[in-house]
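One structure is given below, encoded as structure tokens.
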Protein chains: 2
Amino acid sequence: MKYIEKLRNSGLRPTKQRLQICEVLFDTESTFHFTINQLEQRIKSKIDNKISLATIYNTVHAFEKKGYLKQIPINSNQTYFDTNVTDHHHFYDLKNEKLIDLENSDVGPINIKRKINGKKIKSIEVLVKLED
Amino acid sequence: MKYIEKLRNSGLRPTKQRLQICEVLFDTESTFHFTINQLEQRIKSKIDNKISLATIYNTVHAFEKKGYLKQIPINSNQTYFDTNVTDHHHFYDLKNEKLIDLENSDVGPINIKRKINGKKIKSIEVLVKLED
DNA sequence: TTGCTAGTTTATAATGGTTCTAAATAAGTG
DNA sequence: CACTTATTTAGAACCATTATAAACTAGCAA
């Protein structure tokens with residue numbers, strides 16, 4: 001299994017559940033956005049055994065902390081995650097509530113001119129809201 | 001009262017509660033960011049009578065819809081609002097969970113090169129996360 | 001293999017922000 | 001004043017997320 005090493009290297013035990021969640025998240029043709037609920041459905045349809053909701057939350061948070069997932073800052077009652085952890089941005093279609101990746105090259109360089117004393121920039125995220 | 005006209009013009013009846021909330025939100029030296037909970041506290045300390053939490057929610061949403069308030073896209077368990085409705089962006093200090101305004105001139109022009117068929121851009125919001 | 005230890009999973013309860021409900025109240029209008 | 005419609009309100013309901021604590025499992029050393 002290709003994810004065993006990856007997990008072990010980041011200090012996470014490669015449990016059956018985590019490996020199965022890895023498959024659902026990362027054995028895909030393209031990256032995707034999801035809420036915990038959507039991920040739960042996806043897991044249900046691809047995996048025979050049950051994985052508890054608590055484990056899904058735990059795993060997603062563990063993966064996010066390790067940098068395998070990114071949270072997308074957006075105002076919604078549910079939290080959105082992205083399996084695309086490269087530096088990029090998002091369109092958010094307000095009508096369909098759908099996220100669309102915006103490559104860095106589609107946005108151009110963002111140069112933050114202001115500095116805050118004693119703080120450094122961890123990330124810069126652009127959200128472009130779309131309407132009809 | 002200077003807010004009576006403003007409310008009436010946008011189709012909102014100028015009730016006592018709404019006028020009081022206007023004072024708390026807009027009779028300030030500078031704009032500010034708030035959660036509903038913080039606003040509730042601020043109201044409690046500035047107003048003699050009680051305004052129910054449901055009314056605060058109703059009013060904030062009504063004001064947002066009319067463009068008197070902006071929601072700030074950020075991943076938090078609570079929704080953040082901004083009384084600064086001009087086109088601008090935010091720093092978010094992860095340690096203190098504090099928002100800081102970032103003027104448009106501090107970010108520079110953002111030119112979204114990609115177009116989505118049949119959609120137009122409603123807003124562009126930049127969130128710059130800060131760490132120590 | 002066998003224990004041991006720390007990490008993980010799990011069902012379920014608890015939490016907490018937000019929305020809903022339905023009755024009381026207040027504003028606008030003729 | 002009478003009537004209609006909007007608004008306020010307390011409290012219940014909702015629902016995503018987190019906490020709990022017991023059962024289980026991986027890793028490791030003897």
**Item:** Exam field: side chain B/D82 to backbone B/N84, donor-acceptor pair closer than 3.5 Å
**Value:**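 A pair under 3.5 Å: yes.
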
Counting only side-chain N and O atoms of [X], is one of them less than 4.0 Å from OP1 or OP2 of [N]?
X	N	answer
A/Q17	D/dT25	no
B/T35	C/dG17	no
A/H61	D/dT18	yes
A/T79	D/dA16	no

**Message:** Determine whether A/K16 and A/Q20 satisfy the following criterion, side chain to side chain contact (heavy atoms under 4.5 Å, CB included), listing intermediate values before the conclusion.
**Reply:** CA-CA 6 Å; A/K16 180 181 157 196; A/Q20 289 178 327; 4.0 Å; yes

**Message:** Classify B/K16 by what it touches in the nucleic acid, base, sugar-phosphate, or nothing, heavy-atom distance under 4.0 Å.
**Reply:**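 Nothing, no nucleic acid heavy atom in range.
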
**Request:** Remember a base hit wins even if backbone is also touched, and classify A/T55 as base, sugar-phosphate or nothing at under 4.0 Å, heavy atoms.
**Result:**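 It contacts base atoms.
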
**Item:** Pairing of B/K120 and A/D132 as salt bridge, 4.0 angstrom limit
**Value:**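 A/D132 and B/K120: not salt-bridged.
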
What is the distance, to the nearest angstrom, from the [atom1] atom on [X] to the [atom2] atom on [N]?
X	N	atom1	atom2	result
B/N37	C/dT18	CG	C1'	11 Å
A/I21	C/dT10	CD1	C1'	13 Å
B/N58	C/dT18	CG	P	13 Å
B/F81	C/dT18	CZ	C1'	10 Å
A/N49	C/dT8	CG	P	18 Å
B/E64	C/dT18	CD	P	12 Å
A/F34	D/dT17	CZ	P	11 Å
B/R13	D/dT8	CZ	P	10 Å

**Prompt:** If you find the nucleotide of DNA chain C closest to A/R18 and the one closest to B/N77, which residue's nucleotide is nearer the 5' end?
**Reply:**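 Of the two residues, A/R18 wins.
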
**Request:** May I ask you to check if A/K70 and A/Y80 form a cation-pi contact, with NZ or CZ under 6.0 angstrom from the six-membered ring centre and within 45° of the axis?
**Result:**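 No, cation not above the ring by the 6.0 Å, 45° rule.
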
**Asked** With a distance cut-off below 6.0 Å to the six-membered ring centre and an angular limit of 45° from the axis, does B/R8 pair with B/Y3 as a cation-pi contact?
**Response** no

**Message:** Quick check: on DNA chain D, is the nucleotide nearest B/T59 upstream (toward 5') of the one nearest A/Y57, or the reverse? Name the residue that is more 5'.
**Reply:**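 Whichever sits nearer the 5' end wins; that is B/T59.
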
Proximity to the side chain of [X] - top-ranked nucleotide from [options]:
X	options	result
A/L53	D/dG11, C/dT12, D/dT17	D/dT17
B/T15	D/dA10, C/dA27, D/dA26	C/dA27
A/K50	D/dA26, C/dA11, D/dT9	C/dA11

